[in-house]
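Structure record follows, encoded as structure tokens.
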Amino acid sequence: MSKVETPRPIRGTQDIFGPDAEAFAFVVETFERVRKLYRFRRVEMPVFEKTEVFARSLGETTDVVSKEMYSFDDRGGESLTLRPEFTAGIARAYLTDGWQQYAPLKVATHGPLFRYERPQKGRYRQFHQIDAEIIGAAEPQADVELLCMADQLLKELGVADGVTLQLNTLGDADSRDSWRAALLAYFQAVRGELSEDSQDRLERNPLRILDSKDPRDQAFVADAPKIDEFLTAEAEDFFGAVTSGLDAAGVKWQRLDKLVRGLDYYRHTAFEFITDRLGAQGTVLGGGRYDGLMESLGGPATPAVGWAAGIERLAMLVEGVGEDVADWAVVVEDDATLGEATGALGAIRRAGMSAELFATGSPRKRFDKAVKSGARSIVSYAMRDGTIDRRIKAGDADGIRLVGALKES
RNA sequence: GCGAUCGUAGCUCAGUUGGUUAGAGCGCCGGUUUGUGGUACCGGAGGUCGGGGGUUCGAGACCCCUCGAUCGCCCCA
């Protein structure tokens with residue numbers, strides 16, 4: 001017999017276990033609770049879509065589309081793609097499922113996303129996000145509500161300390177276009193002194209030069225044209241309404257005028273909740289307004305705003321969420337008592353208390369295993385003088401609950 | 001796609017300038033001790049030192065290749 005080689009897990013996937021899985025679940029549970037407080041409706045979305053859903057909405061030239069998508073042809077020869085984000089699929093559903101009748105529509109979801117990237121701290125090829133969107137709402141109050149929900153979520157997760165909300169506006173389409181043109185002219189003039197990466201960005205996405213980490217670029221970034229110089233009156237009013245709304249709601253924020261979005265469909269509000277506790281991955285939650293998206297999918301002009309947050313990143317910030325110890329350890333110190341112990345195990349669980357059975361390995365060491373498990377209370381079964389001897393090690397209240405539960409059964 | 005660091009038992013790690021039969025702790029299994037008890041002791045299973053090639057009398061250690069992981073760049077949650 002030749003040795004069978006164990007298949008390795010796929011790069012960038014995670015097997016989340018134990019305390020990590022508890023932290024993950026805590027993030028999702030907290031999100032579910034908070035989104036109900038804000039009356040966001042739950043949606044479940046397909047994990048894959050036609051490739052064009054993402055290709056059109058994200059823009060063909062973006063890195064996500066050009067090199068980071070998990071795309072494949074199905075048996076009918078159609079190109080499908082594992083979703084790299086939620087927004088495009090939700091926008092597609094809004095158009096194909098008649099959700100326009102519910103506008104303004106507030107929806108929330110969570111689940112796995114896929115991007116073919118190099119894994120590193122807080123970045124995976126299959127990762128998980130929570131997501132919230134408001135579709136069909138043009139007013140800045142929608143942005144404010146979304147940000148308030150994000151702020152409350154982070155507070156209820158207990159990760160708000162050290163996380164700051166960075167806020168910017170990209171203006172409307174006109175503002176953004178003229179800003180972009182000014183940036184292009186400005187950086188073009190000093191092209192030779194920019195980093196190689198930024199010279200490349202000049203062609204593809206000049207806005208991105210603004211958040212370059214290269215010191216050679218940062219000198220020029222400081223004096224680069226600011227979006228504020230190009231905002232139309234409407235865009236300025238919109239941003240003013242968002243910031244005053246946040247102030248009224250008591251949500252702390254900082255203006256970061258170099259904050260831009262990688263994807264083309266963003267307009268007006270852009271924001272990120274940022275921490276310095278996750279290495280190179282500072283963004284814990286990010287989003288913005290994407291008024292241009294629906295049209296790129298062939299739909300009517302539809303204002304929308306949303307955000308998403310990486311569950312793994314949030315889970316890494318969450319502290320003090322571990323696995324619970326059992327309420328009871330049920331110990332079989334003599335195999336002849338297995339039946340009795342099994343009955344007790346069921347009775348305890350039916351009474352709403354958690355219990356774990358210790359009935360394997362050396363009988364003499366089972367009690368020690370139960371003690372080491374950290375269970376709050378222990379009930380053990382042994383044979384003494386031909387009869388079953390039950391011993392309870394518990395606080396008075398717990399012991400009484402146990403005896404009650406056993407009588408009920 | 002690029003760069004840096006790192007791969008020794010199930011886990012966390014020792015392993016000297018290259019030198020006998022590769023070790024410890026934890027965990028697991030068995031035994032002795034204890035018996036409202038988290039104790040102590042004894043024993044056992046478990047390793048092609050990530051894989052391949054090279055240098056050398058001799059490689060876990062040095063060199064090359066390869067695979068994998070981690071962190072960073074690009075980009076992004």
Side-chain angles (χ1 to χ4, degrees), chain A residues 3 5-14 17-18 27 58-59 61-69 83-87 110-132 150 163 195-201 204-205 207-209 211-214 217 259-263 271-275 278-288 306-317 325 329 331 333 358 360-375 377-380 382 384 389-395 399:
Chain A
K3 172 107 172 77
E5 197 160 325
T6 304
R8 308 311 306 166
I10 295 170
R11 186 199 296 273
T13 61
Q14 314 168 78
F17 170 78
V27 171
L58 299 176
T61 60
T62 57
D63 274 30
V64 172
V65 170
S66 61
K67 57 185 195 193
E68 294 176 3
M69 292 206 306
R83 63 187 181 198
E85 59 145 34
F86 278 114
T87 306
H110 64 83
L113 290 317
F114 303 84
R115 285 184 202 169
Y116 193 89
E117 293 185 283
R118 195 80 181 200
Q120 53 184 278
K121 187 180 180 68
R123 305 185 58 172
Y124 308 95
R125 287 186 174 182
Q126 177 180 334
F127 60 107
H128 302 79
Q129 285 186 344
I130 52 179
D131 180 276
V163 176
S195 67
E196 295 76 12
D197 283 335
S198 284
Q199 294 186 27
D200 194 38
R201 280 189 272 244
R204 292 174 12 253
N205 197 348
L207 270 56
R208 275 281 161 196
I209 298 176
D211 55 15
S212 168
K213 291 170 184 167
D214 196 303
D217 299 329
L259 177 69
V260 294
R261 303 275 69 184
L263 306 179
F271 53 87
E272 293 183 3
F273 286 81
I274 295 176
T275 179
L278 289 178
Q281 269 58 248
T283 303
V284 138
L285 183 152
W307 57 249
I311 297 176
E312 290 88 346
R313 292 187 186 176
L314 289 171
M316 282 189 279
L317 296 175
V325 299
V331 183
E333 296 197 87
F358 291 86
T360 59
S362 171
R364 313 185 75 152
K365 291 186 176 172
R366 291 176 192 170
F367 195 93
D368 281 349
K369 275 201 229 175
V371 171
K372 280 190 184 174
S373 79
S377 309
I378 299 174
V379 54
S380 70
R384 288 185 219 284
D389 181 33
R390 185 188 72 199
R391 292 184 175 187
I392 297 171
K393 179 189 162 101

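Just so we're on the same page: letters track the sequence lines, and every chain starts at 1. Computed from a predicted structure; not experimentally measured.
- Which of B:U34, B:C71, B:C73 sits closest to the side chain of A:Lys121 comes down to B:C71.
- Side-chain atoms of A:Lys372 lie closest to B:U39 of the nucleotides B:U39, B:C73, B:C75.
- For A:Arg364, whose side chain is taken as the heavy atoms from C-beta onward, the closest listed nucleotide among B:C74, B:U32, B:A77 is B:U32.
- Set against B:A77, B:C76, B:U32, the side chain of A:Thr283 has B:A77 as its closest nucleotide.
- Within the 4.0 angstrom heavy-atom criterion, no nucleotide atom of any strand lies near A:Gly374.
- A:Gln14 has its CD atom 13 Å from the P atom of B:A69, to the nearest Å.
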Under 4.0 Å protein heavy-atom contact, by nucleotide of nucleotides 4-11 of chain B - B base, S sugar-phosphate only: --------

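- Where A:Gly279 and A:Ile378 meet RNA chain B, the nucleotide closest to each residue was compared, and A:Ile378 sits on the side nearer the 5' end.
- Comparing the same atom, P, in B:A9 and in B:G15 gives a spacing of 15 Å after rounding to whole Å.
- Looking at heavy-atom distances under 4.0 Å, A:Arg208 makes contact with sugar-phosphate atoms alone, never a base.
- Look at the P atom in both B:C26 and B:G7: the space between them is 24 Å, to the nearest Å.
- Base pairing analysis places B:A59 opposite nothing; no Watson-Crick or G-U wobble pair with both distances below 3.5 Å involves it.
- When heavy atoms are screened at a 4.0 angstrom cut-off, A:Ile392 is found touching base atoms of the nucleic acid.
- We find that A:Asp389 and A:Arg391 are joined by a salt bridge, their nearest charged nitrogen and carboxylate oxygen being less than 4.0 Å apart.
- Across all strands, A:Lys365 comes closer than 4.0 Å to base atoms (heavy-atom distances).
- Closest approach to the A:Arg313 side chain among B:C73, B:G38, B:C76 is made by B:C76 (side chain taken as heavy atoms from C-beta onward).
- The base of B:C75 sits within donor-acceptor range of the side chain of A:Arg123, with an N or O pair under 3.5 Å.
- For A:His128 and A:Glu312, the side-chain atoms include at least one donor-acceptor pair closer than 3.5 Å.
- Across all strands shown, B:C6 forms a Watson-Crick or G-U wobble pair, both distances under 3.5 Å, with B:G68.
- With A:Arg366 contributing its side chain and A:Gly361 its backbone, the two residues share a donor-acceptor pair below 3.5 Å.
- Base pairing of B:A40 is made with B:U32, judged by Watson-Crick or G-U wobble geometry with both donor-acceptor distances under 3.5 Å.
- What separates CG of A:Leu278 from P of B:G72 is a distance of 10 Å, to the nearest Å.
- Side-chain atoms of A:Arg391 lie closest to B:G35 of the nucleotides B:G68, B:C74, B:G35.
- Pairing for B:C73 is with B:G1, a Watson-Crick or G-U wobble pair whose two hydrogen-bonding atom distances lie under 3.5 Å.
- One can find a donor-acceptor pair under 3.5 Å joining the base of B:G35 and the side-chain atoms of A:Glu333.
- For A:Phe367 and B:G37, the ring-to-base geometry does not satisfy the stacking test (centroid distance below 5.5 Å, interplanar angle below 30°).
- For the OP1/OP2 pair of B:C71 and a distance below 4.0 Å, the side-chain nitrogens and oxygens of A:Gln120 include no atom meeting the criterion.
- One P atom belongs to B:C11, the other to B:A69, and the distance between them is 15 Å to the nearest Å.
- Going from the P atom of B:U17 to that of B:C62 covers 11 Å, rounded to whole Å.
- Listed pair A:Lys67 / B:C75 fails the phosphate criterion, with no side-chain N or O lying under 4.0 Å from OP1 or OP2.
- Atom-to-atom, CG of A:Leu207 to P of B:C76 comes out at 11 Å; the value is rounded to the nearest Å.
- Contact of the A:Met69 side chain with the A:Pro84 side chain is registered, since non-hydrogen atoms from C-beta on lie closer than 4.5 Å.
- Residues A:Gln14 and A:Gln126 bring no donor and acceptor atom of their side chains to less than 3.5 Å of each other.
- Pair check for B:C11 finds B:G25; Watson-Crick or G-U wobble, both atom distances under 3.5 Å.
- No contact: A:Glu196 has no heavy atom under 4.0 Å from any strand.
- Cation-pi check for A:Arg125 over A:Tyr116 is met; the charged atom lies under 6.0 angstrom from the ring centroid and within 45 degrees of its normal.
- Across the C1' atoms, B:U70 and B:G53 are found 26 Å apart, a figure rounded to whole Å.
- To the nearest whole angstrom, the two P atoms, one in B:G10 and one in B:C28, are 15 Å apart.
- As rounded to whole Å, 14 Å separates atom P of B:G3 from atom CG of A:Asp197.
- Nucleotide B:G47 forms a pair with no other nucleotide shown, judged by Watson-Crick or G-U wobble geometry with both contacts under 3.5 Å.
- Rounded to whole Å, atom C1' of B:G50 lies 10 Å from atom CZ of A:Arg8.
- No contact: A:Ala309 has no heavy atom under 4.0 Å from any strand.
- With a 4.5 Å cut-off on side-chain heavy atoms, A:Pro119 and A:Arg11 count as touching.
- Separation of the P atoms belonging to B:G37 and B:G23 is 40 Å when rounded to the nearest angstrom.
- A side-chain donor-acceptor contact under 3.5 Å links A:Gln281 to the backbone of A:Lys121.
- B:A45 and B:U56 have their C1' atoms separated by 36 Å, with the value rounded to a whole Å.
- Across all strands, A:Arg11 comes closer than 4.0 Å only to sugar-phosphate atoms, never to a base (heavy-atom distances).
- Straight-line distance from the OH atom of A:Tyr124 to the P atom of B:A69: 13 Å, rounded to whole Å.
- For A:Ser362, the side-chain atoms get nearest to B:G30 when compared with the rest of B:G35, B:C71, B:G30.
- Atom OG1 of A:Thr275 is separated from atom CE of A:Met316 by 10.5 Å, given to the nearest 0.5 angstrom.
- Take the nearest nucleotide of RNA chain B for A:Arg384 and for A:Glu85: the residue whose nucleotide is more 5' is A:Arg384.
- Set against B:U32, B:A77, B:C75, the side chain of A:Phe127 has B:A77 as its closest nucleotide.
- For A:Lys369 (side chain) and A:Thr360 (main-chain N/O), a donor-acceptor pair under 3.5 Å exists by modelled atom type.
- Using a 4.5 Å cut-off on side-chain heavy atoms (C-beta onward), A:Arg123 and A:Arg118 make no contact.
- Set against B:C73, B:G37, B:C75, the side chain of A:Lys213 has B:C73 as its closest nucleotide.
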